Amino acid sequence: MSLEDLYKDLAISNEDGLLNNVPLPKFSFPELPDAFTAEHDKENWNTLGDTLNKSNGYVAILDDIVKNLVSADERFRYIGESVTWLKLELERMCEMPPLAAEDSDTSSQSEESEGDEPSSTSAIDLEPGINDDSKIFEDDAPEADERSISDESLIAEGMFQYSDMYDWSEIEDDVHLLQEVILMNPLMAIYEILDTKTISETDLDNLFSQPMLADWDGTMQETLLDVLKFLSQLFLERHNLKSLVPSEMYEKEGKGEEDISVRQPVYPNPYPSPRMTDAHEIRVLELLPGSEEQPIHCLLTIEHLWDDPRYEALSYAWGSSAETKPMQLNKTSFEITSNLEIALRHLRHEQESRRLWVDALCINQNDPIEKQTQVKLMSEIYPAAENVLCWLGPEEDDSAFVMQQLQELADAKARRRGSSSSEDSDLDIDSGADPHYEDKERFYQGLFKLLSRQWWSRLWTCQEFALTLKDPQMVCGKQCMRWSKLRSPASNALSRWNLALPPGGTDLTVTVPTTYWETIETVHGFMMACTLRNKRGFVGLHRTTDAHPISVMSIFIRRYRCADPRDKLFGILSFLLEPHRALLPPNYMLPREVVYVKYSAAILMVSGSGHVYNRLSVRSSSEDSIPSWAIDFSDQVVDGESDPGMLSMGSKNKKFISASKGRKAECIAVGPRLIIRGVILDEIQTAVPVQTGELLKPDQMYANLTAFHRNAMERREGNINDDNPASKFQHLRTVNSVYKIITCGTWNDNEFHQVFERWIPVEDREASETEDTTVSDQVATSSETSSSSSSSTSDSGDVGEAVVQLVLYSIAGRKLIVTRSGFFGIGVNGIQEGDLVVILFGFDVPMILRRHGEHFTLVGAARVGGIMEGELMEFVDDGTLEERSFIIR
């Protein structure tokens, strides 16, 4: 049951949104149904009962605490409503038996028969990978059935046994959601308490000295409730009914003003429309008719979403607020951005009005309360629209030619499919038979400029474009084309271009990294749009063992831009399930650092995984207002130095790696402090840069990498004293090729030298290869020989141009590391000698921690030879390596 259904069932007041005091039944799990005769179904029912009974105990404790908090301060109301949902959900799950199992063939045929209906069950794969065709992104395969995007082996590990009679999967999904919300409730309550400023650093020191955290064993739910009890008691004791309201508090702190006024477009005139009084009301903009040259006149009306208003929704890039244009809004002069003014002129009809929903005009942008209410409705506003207009901008940079060619390609493909009985491949634009591509350079240049426009990198376009139920209309100047038609020819063109430097680009050694990464970002924006929405509609998100929607969407939006840095998270809430969304309400009264810390905590604890740290970097060292473990979502720059993505890249045979294989994250976040379980591998003894300087320096890079190779080969063969636990697993140091590790799983020894042959004189390269071979012969072990042989034959890496560029630009700004015990690897640029290589449970890659007395700071990610596939977990299980808690700040 959704919170929306809950509100309707309990007759919620439209004025204040408060739940009526409806008595809730006492939880009681029923006896085994007579229909369950198979042993597996009986065991599953008992498992469900045990889980729900335990969950009910947690909810009862939580309910008592939250009731007191809500009585003291209305800020906790949304948490109380979520607890009510938990109670009703527990009852519903007791009353709803599992569905009868369906025949898999019948189910599959049923899915196929749906034709062009949007699929909502697929998982989105947001990880760029190196495939067999030397492409950075996985093949888009526009015409394939994209319900198969996710690997069956990645589906979340089951808690129920397989049954021939009943399908337990839906109940299992409900149980997972229930457990996640039970975990999120106390977590969000803790952060709300801390936001009141009634808890001091001394109080937190006292909390962490309590046995529940000082002697923490990794138990999350019980400990989190204990932490909430401790802090809620302090809060209630000190609570002052005359305390400052949040807006006054943040004004006093001096944090809210910049976030709200400086980074948002500020309109000089008062907003010319009355306030809305209902949580489901919206304003609809009537764009009055006129020629393109006449002044723009619009009217606003307030309408209720449940009355099914008719309108088209506009998706566009706001542009800079420094340059504004006047218009008439409700017969009042009103300033709008130049981008919006141009869009309205192009979209206006000459003879009749056009009803639109435009966020900048239909929401009072100077009212943070209204903004957060309307942001909650985004998941309803765009699906309810008759049409979504994606405004790419006016005609320029040969865009009319490009749009025309894309349309002709789509039409030609449709004709070919209609005239052929067999399933044809996409039209080959490289074929000389196609007359439109006599000037391919013009097409590629124009296409790249079209995909470089702001719309593709604007955050809000994620939901505006993806969540609509209709096929979005892509509009550029006077040209328009449905997304389902544009997607295939444009993605095929990018596949043939293969992500090398921009059309007309130059050599790597004279191209600044910024140019390369901007190219990658341009392609990333379009490819992610293709991933998020196929020709049938929104692909959908669901939980897997590898990723959770709450972390997947954080990764997805890492490169998108927005005027308000808090919108990096508020803008993706519509993609989350409603019970998750209800516990992360948009609040424009909070400073961005508070928003980021809350969301980072939710990602770690709800997903039970550090997967997000594979793709996002932690806060910059200069940003002291955000703790080192939290993600600074506003600072995910496109470069190889701070982006940890390549460090987690799997080989061709193994797409996914997991250094803590089989372990879920065990952590508790309390404000800026994170306590998390893991093990220490070793201390870093040497850390040297791959190269120095801004431009790529292949000669310097080659010299440094080959010198490091020789050092690592010698160091890893040294014997470790028996009193060092690492002596038990010192053989792991020789499992991987050094070059394979420091090129992030891409090239073996032979391919590494081959890559640099264009820059390094033959005699220098041959000398280095000879030295490498000599060292390898002197220290080779049976495991290394086997690994090298296998690497050279069966797992040959890629040396295509696109891959060469990606790898070299990705590793250029990183550090090469060797630990005291001879483990070697590559990591983020901020690593220093004396830092610790640590495996945090639930994380895919080793993390680097820096000790500061009793606590640590998180430096970033690394790739270390011999431990990337969970090899160390065997030695954790047998006690060789001691588990411990790390307090990270």
Side-chain angles (χ1 to χ4, degrees), residues 62 65-80 82-83 183-210 212-214 216 220-221 223-241 243-256 259 372 566 569 583-606 619 623-633 667-676 855 887-889:
L62 183 61
I65 300 173
V66 173
K67 280 181 178 177
N68 292 328
L69 292 174
V70 174
S71 298
D73 195 323
E74 282 293 296
R75 70 166 61 226
F76 299 98
R77 184 204 305 174
Y78 74 93
I79 300 174
S82 181
V83 173
L183 192 66
M184 278 188 73
N185 267 277
L187 179 66
M188 292 300 106
I190 287 170
Y191 275 96
E192 287 293 348
I193 290 173
L194 296 177
D195 287 345
T196 64
K197 309 299 183 184
T198 58
I199 306 299
S200 66
E201 282 295 315
T202 302
D203 294 328
L204 291 181
D205 290 339
N206 186 21
L207 169 65
F208 276 80
S209 68
Q210 301 297 311
M212 65 178 121
L213 293 180
W216 187 52
M220 292 174 59
Q221 185 67 68
T223 306
L224 196 62
L225 287 172
D226 288 339
V227 171
L228 178 58
K229 285 181 188 177
F230 182 93
L231 294 177
S232 63
Q233 289 173 358
L234 289 178
F235 167 74
L236 293 171
E237 289 171 3
R238 301 169 182 177
H239 180 67
N240 184 350
L241 294 177
S243 61
L244 297 175
V245 297
S247 59
E248 293 171 337
M249 177 178 64
Y250 288 117
E251 182 179 356
K252 182 177 180 180
E253 293 291 329
K255 296 178 180 179
D259 286 338
Q372 58 200 43
R566 292 163 296 192
L569 299 178
L583 287 171
L584 292 167
N587 185 349
Y588 287 96
M589 306 306 296
L590 294 176
R592 69 174 179 88
E593 53 266 25
V594 172
V595 175
Y596 289 175
V597 172
K598 279 186 179 182
Y599 200 88
S600 297
I603 291 174
L604 268 176
M605 297 191 65
V606 173
R619 59 95 166 156
E623 183 55 85
D624 294 334
S625 62
I626 297 178
S628 66
W629 58 270
I631 305 294
D632 184 353
F633 295 93
C667 59
I668 292 178
V670 183
R673 307 186 189 193
L674 175 73
I675 182 170
I676 186 168
H855 73 273
I887 298 177
I888 305 176
R889 300 170 71 171

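One is the number of the first residue; the rest follow in order along the sequence. Values below: all heavy atoms of this structure, side chains included; hydrogens, waters and symmetry mates excluded. If you're wondering where the values come from, they're calculated on a predicted model, not measured in any experiment.
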Say whether, by atom type as modelled, one donor and one acceptor occur between the side chain of [X] and the main chain of [Y] under 3.5 angstrom.
X: Glu593; Y: Ile626; value: no
X: Trp629; Y: Pro672; value: yes
X: His855; Y: Arg889; value: no
X: Thr223; Y: Met220; value: no

- Item | Salt bridge present between Glu192 and Arg77 (N-O < 4.0 angstrom) | no
For the residue pair [X] and [Y], establish whether any side-chain heavy-atom pair is separated by less than 4.5 Å.
X: Asp226; Y: Gln210; result: no
X: Pro627; Y: Val597; result: yes
X: Leu207; Y: Leu234; result: no
X: Met212; Y: Ile668; result: no
X: Tyr78; Y: Leu583; result: yes
X: Leu228; Y: Ile193; result: yes

Interatomic distance, [X] atom [atom1] to [Y] atom [atom2] [nearest 0.5 angstrom]:
X: Ile199; Y: Ile190; atom1: CD1; atom2: CD1; answer: 10.5 Å
X: Phe208; Y: Trp216; atom1: CZ; atom2: CH2; answer: 10.0 Å
X: Met605; Y: Leu183; atom1: CE; atom2: CG; answer: 4.5 Å
X: Leu69; Y: Leu236; atom1: CG; atom2: CG; answer: 5.5 Å
X: Asn206; Y: Ser200; atom1: CG; atom2: OG; answer: 9.0 Å
X: Leu194; Y: Leu204; atom1: CG; atom2: CG; answer: 6.0 Å

Which heavy atom of [X] sits nearest to which heavy atom of [Y], and what is that distance?
X: Ala602; Y: Met188; value: CB-CE, 4.4 Å
X: Cys667; Y: Leu674; value: CB-CD1, 3.9 Å
X: Leu590; Y: Lys598; value: CD1-NZ, 3.8 Å
X: Phe633; Y: Tyr599; value: CZ-CD2, 4.0 Å
X: Ile888; Y: Ser628; value: CG2-OG, 3.6 Å
X: Leu224; Y: Leu187; value: CD2-N, 3.9 Å

- Please walk me through it: do Arg566 and Asn587 pass side-chain contact (heavy atoms from CB on, under 4.5 Å)? CA-CA 9 Å; Arg566 292 163 296 192; Asn587 185 349; over 6 Å; no
- Query: Could you walk me through whether Met184 and Leu584 pass the side-chain contact (heavy atoms from CB on, under 4.5 Å) check?
  - Reply: CA-CA 9 Å; Met184 278 188 73; Leu584 292 167; 3.9 Å; yes
- Among all residues two or more places apart in sequence or in another chain, which pass the side-chain contact (heavy atoms from CB on, under 4.5 Å) test with Val70? Val66, Glu74, Phe76
